[in-house]
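Okay, so here's the structure we're looking at.
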Amino acid sequence: MGRAEERRARQRGGRRAAPPTRSSGTPSEGIAPGGRAAARKAAARGKKGAKKGKSGIRRLFTWKKILGAFLGFCLLGIGAFIVMYMMIDVPKGNAAAQKQSNIYKYSDGSPMAREGDTNREIVDLSEVPKAVQHTFVAAENKSFYTDSGVDLKGTARGLINTLSGKGKQGGSTITQQYVKNFYLDQDQTVTRKLKELVISLKVDRTTSKDKILAGYINTSYYGRGAYGIQAAAQDYYRVDAKDLNVQQGAYLAALLQAPSQYDWAAATPTGKKLVQARWNYVLDNMVGQGWLNKAKRDAMTFPVPKEPKAAPGLEGQKGYFVKLAKQQLEKQLIKQEGITQDEAEARVENSGWTFTLNIDKKKQAQLEKSVKTQLISQLDPKKRSVDKNVQAGAASVDPKTGKIVALYGGEDYTKHFISNANRTDYQPASTFKPVILAAALENASETQGGKAIGANTIYDGTSKRQVVDSNGNKVGFGPENEDDADYGKVTVQTAMDKSINSVFAQMGVDVGMDKVLETATKMGMDTGKLKALPAYTLGTMGASPIQMAGVYATLDNHGKQVTPTIIKSAEQGGTEVQMPDPIGDQVISREAADTVTSVLTGVVDDGTAKVSVAQNPSRDGRKVAGKTGTSDDNLSAWFTGYTPDLVTSVGLFGENYKTHAQSKMYKTAGLPRVNGGGFPAQIWAEYTFGVAGENTKFDLDTDQGAAVQPSWTPSPSASVSDTPSASATTKKPTTSAPATPVTPTTSAPVTPTTSAPVTPTTSAPVTPTTSPPNPFDPNGDQ
């Protein structure tokens, strides 16, 4: 081969023939000669492809495009707002024109009451002391004098809450609230909020701050039917607005946040704490703004408001009807429309509503007559000062419909503002015991010995017996029976008949107090944040006659929840508000409810209500179930009872006629003590037997209790003598019955031989000598 040919051959295959190098790879490395270069090219092509793919996403979501979209959205919003600002004019004020009388009717449609014209008197801002003006600014909008009239952050938050269905959240300026009160309405809609924003900006631009502030304090709702600062000053402090001091002004300013909750005359203990905290907040803000001297502020005390004055035409029981109807409608509007309490009150007060109530005129007249003849006629305030301190309350409910057919709130709404039928500051005492038994039956609870709890279950009725837990340990609670009576071994039926505290204290622990409170809530009691303490077995929480009527109506309705309601219909401008169904779900089983009813017939026939109810000449054989209750220190006394078609709860409450503090009822009407089997049961009997329908029987699905079988009592002990009831038992008790048969009689079991309770209408029971347990500290640690 010549030199030229050899050169061409090397050129054609020289690369393949070239010796291996580090850069070209080796077979042992798994890369063919020349493969490294190919791999680099392939990697480069892959990167290029990836770069092309990534750049496609970047082209779609570049920061420039995102920023441009955001700016475009903002410009669109600004443009829309400019258009809205140009199109929306400041309307004429119409708040006063919207206020009309509310009309109330009885269940048959006949007129009952009319709430008069709006309670408002406009005053010039110059008539309101400057320091009082500052209390409203300090409470609602510290930047009022310098802001543009709107709070964009608060408005945005309100719009989001409206769209999400959460209702209103604070953040509006005084200007915005004035616009809402005077130019718009209380509707929680996006349209209304946007209008409020635009009009507020325009009003702030064209109206002086003083005029806006004057409009705000003259149009705001202060509770008690009072619109404007002049009406509020008169209602709460009996002075004109010009004579208000800083402390009083701070209370009125604080009141605007929640007029109903913060009204001192009707506020709960929690409400009173909240309004005092709000009052302090207002004054502290004034100090911070330089409007109030700190030394003067530190010397100020809370100005307790005067008692409210009832509007003309609401005397007697009418005012109590009206107040309850408005409260129930407000509650529904809050739930239905997502508005706040103060907005709901403003919506209802003097706003042209027509209420038709469930109150039956015949039953109402009979209830009032019964209170008068059985209680008021027996009191002599001139002879006994304690007779001035007795308050009666009652609620009567149809268990099939939940209608409140009669209600007694007090002697006269114009004299006693608080409704005794709806107050929850007194203990229901032993009327709570049926709830404990219902919880035991519903949860198939057992005693410490493993026996199922029922009407015939045996418990130790020894007074002050220490309650023990499931491990046999004492829980530090041993309640005293009434008059410290010892009963020895008794059945649950007898324990309910005699209202034996020691039995139900142990039963509550056996069931579990958490389950007891859960059952109470399901049946209609407001247990709130109560802790599961054994002391609550004595009914030491608060409850109202309306609540207790609902609980017992649930029993009467075979375990289906009954929520008493006074409203038959509520209509405004041709539109009726849909009220919730008073009859709810099955909250306890029918068998549990019917068993409790069966047991409660024994309380009437053989127990603490025997004289006033069972032996009442007007009973005419009617079937009755019920329970008495008398609280510690005789602060309250109850009888809640029912026939198959009517449930009524009657409570008597000791209330100091001057201070309204709770007071003891010992010596009332010359009696040693007011017991549930006395005045409350007597009122109940005259009312119920005076209006009850045909004599029907309870339709009970149970084989336990006094209504279907008599209770039996174990062998007599040293402290108790028992007699069997009228007929043989149909079901074996949970513990062995006496071995020796006994002859039935028609007499009720004999009460203990040691200090048996005595009916208050005849002779004096002995006042317990030991202090009652503290429900919040049953172990005595404090």
Side-chain angles (χ1 to χ4, degrees), residues 125 127-155 157-158 168-178 181 204 209-210 212-224 226 228-230 232-233 235-237 239 241-306 340-343:
L125 192 64
E127 296 183 46
V128 181
K130 193 70 174 179
V132 174
Q133 297 176 33
H134 286 156
T135 63
F136 289 88
V137 179
E140 297 293 331
N141 183 192
K142 290 186 291 184
S143 63
F144 168 71
Y145 291 112
T146 57
D147 63 32
S148 61
V150 298
D151 178 359
L152 293 177
K153 185 184 294 185
T155 301
R157 184 169 61 243
K168 173 190 170 184
Q169 184 170 341
S172 296
T173 64
I174 283 177
T175 304
Q176 286 175 275
Q177 293 182 61
Y178 163 61
N181 292 340
D204 186 78
K209 291 289 186 179
D210 279 354
I212 292 172
L213 182 59
Y216 171 67
I217 63 176
N218 276 310
T219 58
S220 293
Y221 179 63
Y222 295 78
R224 298 190 183 182
I229 191 170
Q230 173 64 16
D235 278 353
Y236 287 94
Y237 292 109
V239 298
K242 64 183 178 63
D243 296 321
L244 286 169
N245 59 37
V246 175
Q247 298 97 304
Q248 294 167 339
Y251 173 78
L252 296 181
L255 197 63
L256 294 182
Q257 190 178 62
S260 177
Q261 186 181 9
Y262 290 172
D263 183 348
W264 194 263
T268 63
T270 299
K272 290 181 178 180
K273 289 179 181 178
L274 290 174
V275 73
Q276 285 179 304
R278 181 75 174 169
W279 179 80
N280 283 313
Y281 167 82
V282 173
L283 295 178
D284 290 343
N285 277 351
M286 291 183 70
V287 173
Q289 295 295 114
W291 296 331
L292 180 63
N293 179 273
K294 189 176 187 306
K296 290 183 178 179
R297 185 264 174 274
D298 291 341
M300 291 179 175
T301 57
F302 185 79
V304 176
K306 304 287 186 181
T340 61
Q341 179 67 47
D342 59 310
E343 288 172 331

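Computation of the quantities below employed the complete heavy-atom set of this structure, encompassing side-chain atoms and omitting hydrogens, waters and symmetry-equivalent molecules. Everything numeric here is computed off the predicted structure, so don't read it as measured data.
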So, do [X] and [Y] sit near enough that their side-chain heavy atoms are less than 4.5 Å apart?
X: Lys296; Y: Val246; result: no
X: Leu252; Y: Val132; result: no
X: Asp243; Y: Tyr237; result: no

Would Gln289 and His134 count as a side chain to side chain contact (heavy atoms under 4.5 Å, CB included) if you check the C-alpha gap in whole Å, the side-chain angles of each, and the deciding distance to 0.1 Å?
CA-CA 9 Å; Gln289 295 295 114; His134 286 156; over 6 Å; no

Locate the shortest heavy-atom distance separating [X] from [Y]; write the atom from each residue and the value.
X: Gly223; Y: Pro259; answer: N-CB, 3.5 Å
X: Asp263; Y: Tyr251; answer: CA-OH, 3.6 Å
X: Thr135; Y: Gly249; answer: OG1-O, 3.4 Å
X: Ala258; Y: Asp342; answer: CA-CB, 4.5 Å
X: Gly271; Y: Tyr262; answer: O-CD2, 4.0 Å
X: Val128; Y: Ile217; answer: CG2-CD1, 4.0 Å

Give a yes or no answer on whether the side chain of [X] reaches the backbone of [Y] with a donor-acceptor pair at less than 3.5 Å.
X: Arg224; Y: Asp235; value: yes
X: Arg278; Y: Ala253; value: no
X: Ser143; Y: Thr146; value: no
X: Gln247; Y: Met300; value: no
X: Tyr236; Y: Tyr222; value: yes
X: Gln176; Y: Thr173; value: yes

Steps toward side chain to side chain contact (heavy atoms under 4.5 Å, CB included) verdict (Trp291, Arg297)
CA-CA 10 Å; Trp291 296 331; Arg297 185 264 174 274; over 6 Å; no

Rounded distance (nearest 0.5 Å) linking atom [atom1] of [X] with atom [atom2] of [Y]:
X: Asn285; Y: Leu292; atom1: CG; atom2: CG; answer: 11.0 Å
X: Tyr216; Y: Thr219; atom1: OH; atom2: OG1; answer: 8.5 Å
X: Gln257; Y: Leu274; atom1: CD; atom2: CG; answer: 8.5 Å

Have Gln261 and Gln341 got a donor and an acceptor in their side chains that come within less than 3.5 Å?
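Note: Gln261 and Gln341 side chains miss the donor-acceptor criterion.
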
Taking everything shown except Lys209 itself, do over 12 heavy atoms lie less than 6.0 Å from its NZ?
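Enclosed.
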
Check step by step if side chain to side chain contact (heavy atoms under 4.5 Å, CB included) holds for Leu244 and Ile229.
CA-CA 10 Å; Leu244 286 169; Ile229 191 170; 4.0 Å; yes

Once you measure the plane-to-plane angle for Phe302 and Trp279, does it fall in the parallel (<30°), tilted (30-60°) or perpendicular (>60°) bin?
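The arrangement is perpendicular - the two ring planes meet at more than 60°.
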
